[in-house]
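Below: one structure, written as structure tokens.
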Amino acid sequence: MTDQTEEQTTTVAAGEDSDITVKQAKPTVDETVKKLEKMSFSIWPPTQRTRDAVIKRLIETLSDKSVLSDRYGTVPADEAADVASRIEEDAFNAASASPVAANDDGIEILQCYSKEISKRMLDTVKSRSASSAASLTPDEKDGATTDSSAQDGESSTVEA
């Protein structure tokens with residue numbers, strides 16, 4: 001095994017009778033470390049492409065069938081697009097303004113952003129659910145149905 005600071009010698013055939021020796025220097029560990037120190041990797045702020053992907057996922061979550069919609073109902077797709085954009089923008093602004101933003105780590109502020117999105121999404125669907133429950137008629141609140149079998153005199157509720 002050779003030391004990393006040694007040069008590697010390669011012999012290349014150049015014609016029938018002659019050999020050409022080419023010396024290639026291997027990068028040293030120190031050079032590699034210096035290059036890595038110059039590299040910058042930042043996860044905050046997210047790119048516009050990432051933010052758009054978050055909005056798209058929010059729209060899907062709000063308007064498609066999910067665990068959330070099973071409990072609180074779905075949001076119409078056109079309304080979900082507006083709501084999702086507002087949620088993402090508000091969460092981005094809140095995370096950027098948080099004291100966590102002072103740290104240069106990026107991980108903590110990304111977690112703050114994610115929590116803000118989740119909190120705001122849940123608040124939105126809960127408030128929609130509460131407002132739609134308030135607009136139900138008394139019969140709808142009691143669980144009475146208006147399907148054809150109930151109208152024909154058959155009861156669709158079970159009494160204990």
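- The hydrophobic clustering, which links ILVMFWY residues whose side-chain heavy atoms are closer than 4.5 Å, places L110 and M121 together.
- Counting only distance, with no hydrogens or angles, the side chain of E31 and the backbone of T28 share a donor-acceptor pair below 3.5 Å.
- Contact annotation: the side chain of I109 never approaches that of I43 to less than 4.5 Å [non-hydrogen atoms, C-beta and beyond].
- I59 and L68 are not part of a single hydrophobic cluster, where members link through side-chain heavy atoms under 4.5 Å apart.
- Residues Y113 and P45 fail the side-chain proximity criterion, which asks for heavy atoms closer than 4.5 Å.
- To the nearest 0.5 Å, the span separating OH on Y72 from OG1 on T124 amounts to 12.0 Å.
- I107 contributes atom CD1, which lies 13.5 Å from atom SG of C112 (distance to the nearest 0.5 angstrom).
- The backbone N or O of S114 lies less than 3.5 Å from a partner atom in the side chain of S118, making a donor-acceptor pair.
- Between the side chain of S85 and the backbone N or O of D82 there is no donor-acceptor pair closer than 3.5 Å.
- The line from CD of E116 to CG of D123 is 9.5 Å long, rounded to the nearest 0.5 Å.
- R128 contributes atom CZ, which lies 8.5 Å from atom CG of L62 (distance to the nearest 0.5 angstrom).
- With hydrogens and angles disregarded, a donor-acceptor distance shorter than 3.5 Å links the side chain of S98 to the backbone of A95.
- Once rounded to the nearest 0.5 Å, the distance linking CD of E88 with CZ of R120 reads 10.5 Å.
- Residues V83 and R86 have side chains in contact (heavy-atom distance under 4.5 Å, counting atoms from C-beta outward).
- Checked for salt-bridge contact, R57 and E60 meet the test: a charged N lies under 4.0 Å from a carboxylate O.
- At a threshold of 4.5 Å between non-hydrogen side-chain atoms, the residues I117 and I87 count as touching.
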